[in-house]
Amino acid sequence: MGIFKLFGKKPDREEPSSSEKPVSKKTRVKKQNTVIGQIQDDEALTHSLTEKKHIARATERKIDAIEFEMSRDMGRPKSLSSKMNTDGPLTRTGPNQFHSDFIATDFQSTVALNLPTTELLLGHTEINPATMAQTESVPLLEEAAILFATSQVKVAEHMLRSAIDLDNLGSAATLAWFMLFDLYQIEKNQYAFESLSLDYAGKYETSPPVWHNSETNIDAPESKDESAIPGLIFPSKLDGDIIKLLQRLNNLSDSSKVLKLDFGRVKTVDPVGCGLLLRAMRNLKKTKHDLVLVAAQNLTEQIRSILEVGRRDETEAPWLLLLEVLQLLQLKEVFEEASIDYCVTFEVSPPAFEAPTSKVTTAVAEPIAAEENTDRFIMPRTIEGSTDALVKQIAAHAKNHDLVILDCSQLERVEFGASAQLLNGLVPISGTKAKSIQFHEVNYLVMHLFNAMGLKNVAAIFPRKQS
């Protein structure tokens, strides 16, 4: 006993001290609180998922309701048997020619039934060309533009190709691609253009620029004049209001096997508009209509702008519309990349690529209407030699316009010496009080030449949109 007292120890048979017991009680209480907290978190998650599911169904019902109203306005009765339950979207049945397949839901409403386990970065390089034209100065690209302006086309091509392969231009890398696209277009080298398009689509995971035929489009269905093909021009906003256009499309599909759809003016899209257009496109595919798609790449860009890999929105319609258009354009590699993003986002198997069975022709956007061109000065296809006559014409145009818009949509090449003369001729005009000059629709080779020569100091330069 003396030893125990000396070291303050107690025999093993003694009960644990009362000070130890509360610790175990606290531990039990903490475990109970953890379980209660977990239950509360699960309830919050369930509530959140249920709310998302209601949002998804609401979007589907909105698309269905819009289509039903259209079919009723057309005087074609449709039986509407709405089945609302907690396990599936609203479905309907009823006869209708063009819209028969609109009735069945062609895409699933999407809600996060479990938390996503994978997140990816898009890796898409986006630049603002207008801003680059005003602020960015890239000596290598300006040198390539000068070489092209002095007719050293092969040297300029090699320099741009090397810049693309080395990929050391940072945020300006895309400009080198666009310059090379313009060079091949001007030189009418379609094979090199299409080869570059495949590389571009693989690197940036977006649609490449479109080859523009200078001659009459020989691929137009049945050699018809494209202007005679019935079609629609979609508005700047692709939303529920396009149902009126789709009603017209229904009428046109009854009378013509070939249809033209122009997406050149589309600037924004929303899920409802994507859902309506998706059903229309799938119907046209089933009825084997031949299509002329104008500025379809612009549509894909607008759709991509509202998508994010790993984020589940109220409907997957925008994703499926993007994949549908990429199939029509026969961009298989781009389609496969987008399908992987789609499958990661919704945790489903990626859809298989299906080449269109009917004839699909791509076309450039419609030119600006004549009445919209009255305030523009149209620049010639090439500028070389003396520019005195051209400057006089611009000066005469400037007398009646405070904003002098120089339309360069047809301009392919400006000779190096002529660019210096043009600069000297425009300085007095830009120096006039209340006068300003803008170059519009400039190709990227000419844009960088203008930057190198200092024209950006006397005029705003807006490059053409690559689509």
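A quick note: this is a predicted structure, and the numbers were derived from the prediction, not measured.
Considering CG of L403 and CD1 of I437, their distance stands at 10.0 Å, rounded to 0.5 Å. Between the CD atom of E187 and the CD atom of E412 there is a distance of 9.0 Å, given to the nearest 0.5 Å. Of the inter-residue distances, the one linking D270 atom CG with E314 atom CD reads 8.5 Å to the nearest 0.5 angstrom. Here CG of L291 is found 6.0 Å from CE of M281. Values are rounded to the nearest 0.5 Å. Note that the CG atom of L445 and the CG atom of L175 stand 11.0 Å from one another [nearest 0.5 Å]. The line from CG of L299 to CG of L238 is 6.5 Å long, rounded to the nearest 0.5 Å.
In terms of heavy-atom proximity, L328 sits nearest to V360 at O-CG1, 3.5 Å. Between P350 and S339, the shortest heavy-atom distance links the atoms CB-O, 3.9 Å. Minimum heavy-atom separation, I303 to P318: CG2-O, 3.3 Å. Minimum interatomic distance between I306 and D313 (heavy atoms only, all atoms of both residues): O-OD2, 4.0 Å. The heavy-atom pair separating S358 from D290 by the smallest distance is CB-OD1, 3.5 Å. Nearest heavy atom pair, residue A176 against residue L141, reads CB-CD2, 3.8 Å.
For the pair E205 and R304, the salt-bridge criterion is not met [side-chain N within less than 4.0 Å of a carboxylate O]. Using a 4.0 Å cut-off between charged nitrogen and carboxylate oxygen, K203 and D167 count as a salt-bridge pair. Using a 4.0 Å cut-off between charged side-chain N and carboxylate O, K267 and E301 make no salt bridge. Under the 4.0 Å criterion applied to side-chain N and carboxylate O atoms, R161 and D165 are assigned as salt-bridge partners.
Remark: the backbone N or O of S253 is not paired with any side-chain donor or acceptor of S256 at under 3.5 angstrom. Between the side chain of T432 and the backbone N or O of P428, at least one donor-acceptor pair lies under 3.5 Å. The backbone N or O of Q302 sits less than 3.5 Å from a side-chain atom of S305, completing a donor-acceptor pair. K257 contributes a side-chain N or O that, together with a main-chain N or O of K288, makes up a donor-acceptor pair within less than 3.5 Å.
Considering only heavy atoms from C-beta on, P235 comes within 4.5 Å of L245 through its side chain. For the pair T382/V414, no side-chain contact is recorded, criterion being any heavy-atom separation below 4.5 Å from C-beta on. Counting only heavy atoms from C-beta outward, the side chains of Y200 and T174 approach each other to under 4.5 Å. Proximity of L449 to I146: side-chain heavy atoms (C-beta onward) are separated by under 4.5 Å at one or more points. The shortest distance between side-chain heavy atoms of H397 and I394 does not fall below 4.5 Å. Inter-residue side-chain proximity for F263 and L232 is flagged as unmet; no heavy-atom pair is nearer than 4.5 Å. Looking at heavy atoms from C-beta onward, N424 lies out of side-chain contact with T387 at the 4.5 angstrom threshold. In this structure the side chain of V210 reaches within 4.5 angstrom of the side chain of Q297, judged on heavy atoms.
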**OP:** Go through Y184 and Y191 one step at a time and tell me if the ring-ring contact (aromatic ring centres under 6.0 Å, His included) criterion holds.
**Re:** CA-CA 9 Å; Y184 289 146; Y191 176 81; 9.8 Å; no
Subject >> side-chain contact (heavy atoms from CB on, under 4.5 Å) evaluation trace for Q438 with V404 >> reply: CA-CA 6 Å; Q438 294 181 358; V404 182; over 6 Å; no
**OP:** In sequence, state the C-alpha distance, the side-chain angles, and the governing distance for E441 and K465, and then conclude on salt bridge (Lys or Arg N to Asp or Glu O under 4.0 Å).
**Re:** CA-CA 7 Å; E441 298 294 318; K465 186 175 182 180; over 6 Å; no
**OP:** Kindly indicate, with the supporting measurements, whether the criterion salt bridge (Lys or Arg N to Asp or Glu O under 4.0 Å) is fulfilled by E347 and R312.
**Re:** CA-CA 10 Å; E347 299 179 6; R312 296 188 181 187; 3.6 Å; yes
Original post:
Between L293 and T361, is a side-chain contact (heavy atoms from CB on, under 4.5 Å) present by the stated rule, with each step listed?
Top reply: CA-CA 6 Å; L293 301 181; T361 305; over 6 Å; no
Subject >> Pair L196-L180, side-chain contact (heavy atoms from CB on, under 4.5 Å): steps then yes or no >> reply: CA-CA 8 Å; L196 185 65; L180 193 54; 3.8 Å; yes
**OP:** Apply side-chain contact (heavy atoms from CB on, under 4.5 Å) to the pair W319 and D341, showing each step before the final yes or no.
**Re:** CA-CA 9 Å; W319 282 94; D341 291 341; 3.7 Å; yes
**OP:** Would you please test D262 and K260 for salt bridge (Lys or Arg N to Asp or Glu O under 4.0 Å) and show each step?
**Re:** CA-CA 6 Å; D262 188 339; K260 181 168 68 173; over 6 Å; no
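Atom CD of Q410 has 12 or fewer neighbouring heavy atoms from other residues, nucleotides or ligands inside a 6.0 Å radius.
Taking the six-membered ring where tryptophan is involved, the planes of W211 and F193 are perpendicular, since the angle between them exceeds 60° and thus also 30°. Using bins of under 30°, 30° to 60° and over 60° for the plane-to-plane angle, the ring pair F335/F353 lands in the perpendicular bin.
Residues that satisfy the side-chain hydrogen bond (donor to acceptor under 3.5 Å, both in side chains) test with E194, not counting sequence neighbours, are Q190. For S409, the side-chain hydrogen bond (donor to acceptor under 3.5 Å, both in side chains) partners two or more places apart in sequence, or in a different chain, are D407. With sequence neighbours excluded, no residue forms a salt bridge (charged side-chain N to carboxylate O under 4.0 Å, His left out) with E337.
Within the structure, salt bridge (Lys or Arg N to Asp or Glu O under 4.0 Å) contacts touching residues 443-452 (residues at least two apart or in different chains) do not occur. Residue pairs that meet the salt bridge (Lys or Arg N to Asp or Glu O under 4.0 Å) test with at least one member in residues 419-438, sequence neighbours left out, are D402-K435. Screening residues 382-391 for salt bridge (Lys or Arg N to Asp or Glu O under 4.0 Å), with sequence neighbours left out, gives E384-R413.
Between F439 and F450, the distance from one ring center to the other falls under 6.0 angstrom.
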